[in-house]
Amino acid sequence: MQKSIEKLKELTKDVVLLEHAIATLSWDQETYMPSLAIGERGEQLALLQGIMHEKVTSPEIGKFLEILGAGNNTPSGIVDSATTTDKAFIKELYRQYKIQTRLSKKLVTDLALETSLSQAAWIEARKKSDYSIFKPHLNKVLELTKQKAESIGYNETPYDALLDEFEPWTTAKEVDDIFKSTQPWLTEFIGKINNSKQVDDSFLLKDFDISKQEVFGRKVLQDMGYSYDRGRLDVSAHPFTTTLGQDDVRLTTRYQKDFFKTGLFGIIHECGHGLYELGFGDNIKGNLLASGTSLGIHESQSRTWENIIGRSMSFWKYYYPELQKYFPENLENISLDNFYKGINKVEPSLIRVEADEVTYNLHIILRFQLEQELISGTLSVEDLPEAWNSKTKDFFGITPDNDANGVLQDIHWPMGAFGYFPTYALGNMYSAQFTSKMNKEIDVDKSLENGNLINILDWLRENIHKYGASKTASELALDITGEKLNPEYFKKYLENKYKQIYDL
Ligand code: ZN
């Protein structure tokens, strides 16, 4: 048995190396590649992806998985005497192997082609705020996505098969239950905030020198424990974090002179993702398990740093005097209290990516409900804009002024990434649940007031990062807090924080 496991590890090592090589080429494409290089770069990436697909689906892997009893798709089907980590490795490899081998080459190629056409149409449709340009493409992508779900297979609904790609081992029903118990509460809570005196954040919208934003951001990164010996920070159109090797995890951000929030909080957010990728234990390094266990857990790490830590009073007690020195012209006369309120302003808005931490999850719940209906066929592509607008009215009390600010705002559906959205909200919820435990074990506020961010990182490493994908999202939640994901933690977190800010 041990021989088979070792053989599988050897076979998949190449897959990990190829993944990192592909990430290197993609990172370059998004940051420094000259524009005319795009043609050959596309071919290079397609070639490597093809080789990787062959490696993951090789009959040899199938043979060893079968010997190890992975076909039952449950941990109990895997040889009992294997170590816990090895069982997790086999389980995860089987999950990936199953998906890859069930998708026909034709379907993968059709999806790649249609989603690239649909993204181009979406860009134009959004620019002109004209849904009719995008509609026929969405129909095709949706059709292929349904075929994909059927090919992969599922227990309850086709949406489960799609969700599994981003949030493994979590079902649509579980997400639906959590969201249904959250949405009315959020809508009511936002209503209460709306009826209170609004905080002033106008000082954040003045000009902030970009080079100083960068210096300050880099300082915070280093304090968080991010090392430039194992990564870089660059600029790209859309901020992202990518893993190019076990000791090479790179971050990107974008700076806006008049909107200081994107630069600083964007850097902190991406660093949260990066620290997770840099914190995998030695026992899984270079292995398939050295990866985030789900996008929800990944997002929990970025959100913990960005919102729970980075938008806390204790954090700014330490950093605000220094920030004032960087930008005296804008902040000299703004008290710490008003600064704290400004960076936590809550306001129902139309655009997801600009939403605050209270309204954000409502944007997600809206998308989750609509995409479930699209996949199940109870909502047509034709009726989507109207459904979008009426839900926005129900949830937020406002209606999009046009489709560019409504149904056309996100790239996920044009990309065919159905099942992706819920992971953002799950991340916010996991972050509140994990932090409740962290608060019991270490003095988080005192650490932050002393600028000791390493204390926070150490806790996250010990409880979350080191396991990588060797524990599922639910297993992590159970092991850390004694229960599966429970949205009450998130509600309590918001209540405690915003009661004070808005005097509720
Ligand atoms: Zn993120």
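Side-chain atoms are counted along with the backbone in the values below, which use heavy atoms only and exclude waters and symmetry mates. Start at 1 and go down the list; that is how both ligands and their atoms are numbered.
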Extract all donor-acceptor atom pairs below 3.5 Å that involve side chains of residues 358-365 and protein atoms in other chains or at least two apart in sequence.
unit_1	atom_1	unit_2	atom_2	d
Thr359	OG1	Asp356	OD1	3.3
Thr359	OG1	Asp356	OD2	3.0
Tyr360	OH	Arg352	NH1	2.8
Asn361	OD1	Asn428	ND2	2.7
His363	NE2	Ser349	O	3.4

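Take Tyr420 and apply the ring pair (Phe, Tyr, Trp, His ring centres under 6.0 Å) test, not counting sequence neighbours, and it matches Phe166, His412, Tyr424. For the salt bridge (charged side-chain N to carboxylate O under 4.0 Å, His left out) test, residues two or more places apart in sequence or in another chain that qualify with Glu165 are Lys148.
Any protein N/O/S atom under 2.8 Å from the Zn ion (ligand 1) was counted, giving 3 altogether.
A salt bridge is defined here as a Lys NZ or Arg NE, NH1 or NH2 lying under 4.0 Å from an Asp or Glu carboxylate O, and Lys491 with Glu495 fails to meet this definition.
Checked by atom type and distance alone, the side chain of Ser376 pairs as donor or acceptor with a backbone atom of Glu373 at under 3.5 Å. Here the side chain of Asn452 pairs a donor or acceptor atom with the backbone of Asn455 at under 3.5 angstrom.
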